[in-house]
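Below: the structure, in structure tokens.
Remember, it's a predicted structure, so these values are computed and weren't measured experimentally. One-based numbering along the sequence shown. We use all heavy atoms of the structure for the numbers below, so side chains are in, but hydrogens, waters and symmetry mates are not.
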Amino acid sequence: MPKIFDAYEQEFIQCTNTAAQNIEKIPDLLPGHERDSLCSATSKSIEAAEDIVKQMELEARSLEAGDEKQEAVAQTKDYKTSIGKLKESFKAAKLSNRAEEKARAELFQQTDQAQLGEAENQRARPTTTTNR
């Protein structure tokens with residue numbers, strides 16, 4: 001493989017690793033500026049990886065026919081599929097509301113048992129009044 005192809009490969013790996021790490025962090029963030037900026041950075045990393053794969057395809061096409069060219073073309077196809085998987089997991093991460101659910105669970109865990117009992121009594125009063 002040519003040296004430039006190896007350089008593209010290193011850049012691709014770096015961009016996809018950055019995107020994958022960001023995708024893992026996104027569901028744990030509450031909606032807001034930090035989550036938006038991380039989504040933006042992830043999107044840019046995926047776009048950069050796509051651009052690198054396009055350059056790799058051009059480089060692979062310019063190689064003379066043979067095993068080296070076939071290997072390079074196959075490798076770029078693999079990279080394209082991995083980008084597709086990254087995009088899918090990015091979409092899922094953006095739609096996830098795991099952080100909101102966690103914050104809600106923490107909020108309800110901190111309630112006092114006496115307060116819960118009082119709230120239950122207040123909910124039951126209208127029902128008993130209606131039954132009478």
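- Considering every non-hydrogen atom in both Ala49 and Thr16, the closest pair reads CB-CG2, 4.0 Å.
- Cluster membership check: Tyr8 does not share its hydrophobic cluster with Val73, using side-chain heavy-atom separations under 4.5 Å among Ile, Leu, Val, Met, Phe, Trp and Tyr.
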Item to check | Candidate pair Phe90 and Ile26, rule side chain to side chain contact (heavy atoms under 4.5 Å, CB included), full reasoning | outcome: CA-CA 9 Å; Phe90 180 50; Ile26 289 172; 3.6 Å; yes

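- The shortest heavy-atom contact between Ile46 and Leu86 is CD1-O, 4.3 Å.
- From Thr18, atom OG1 reaches atom CD1 of Ile13 across 11.5 Å, with rounding to the nearest 0.5 Å.
- With values rounded to the nearest 0.5 angstrom, Arg35 atom CZ is found 14.0 Å from Lys25 atom NZ.
- To the nearest 0.5 Å, atom CE of residue Met56 and atom OG1 of residue Thr76 are 7.0 Å apart.
- Checked for salt-bridge contact, Arg123 and Glu120 meet the test: a charged N lies under 4.0 Å from a carboxylate O.
- Both Ile4 and Phe12 sit in one connected hydrophobic cluster of ILVMFWY residues. Membership requires side-chain heavy atoms under 4.5 Å apart, directly or through other members.
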Next on the checklist: Could you go through Lys85 and Ser89, starting from their C-alpha distance and side-chain angles, then the distance that decides it, and tell me whether this counts as side chain to side chain contact (heavy atoms under 4.5 Å, CB included)?
Outcome noted: CA-CA 6 Å; Lys85 290 177 185 177; Ser89 60; 6.0 Å; no

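- No donor-acceptor pair under 3.5 Å is formed between the side chain of Ser43 and the backbone N or O of Cys39.
- Counting non-hydrogen atoms of neighbouring residues, nucleotides and ligands closer than 6.0 angstrom, the NZ atom of Lys69 exceeds 12 such neighbours.
- Without hydrogens or angle criteria, Ser40 side chain to Asp36 main chain gives no donor-acceptor distance under 3.5 Å.
- From Glu9, atom CD reaches atom CD of Glu59 across 13.0 Å, with rounding to the nearest 0.5 Å.
- Counting non-hydrogen atoms of other residues, nucleotides and ligands closer than 6.0 Å to CG of Asp67 gives a total of 12 or fewer.
- Screening Lys80, Lys87, Gln55 for a side chain to side chain contact (heavy atoms under 4.5 Å, CB included) involving Glu50 leaves a single residue, Lys87.
- Listed here is the closest heavy atom pair of Thr42 and Ala19: CG2-O, 3.9 Å.
- Atom-to-atom distance recorded for Leu38:CG and Glu24:CD is 11.0 Å, nearest 0.5 angstrom.
- When each of Glu71, Gln75, Glu68 is tested with Phe5 by the rule side chain to side chain contact (heavy atoms under 4.5 Å, CB included), just one qualifies, namely Gln75.
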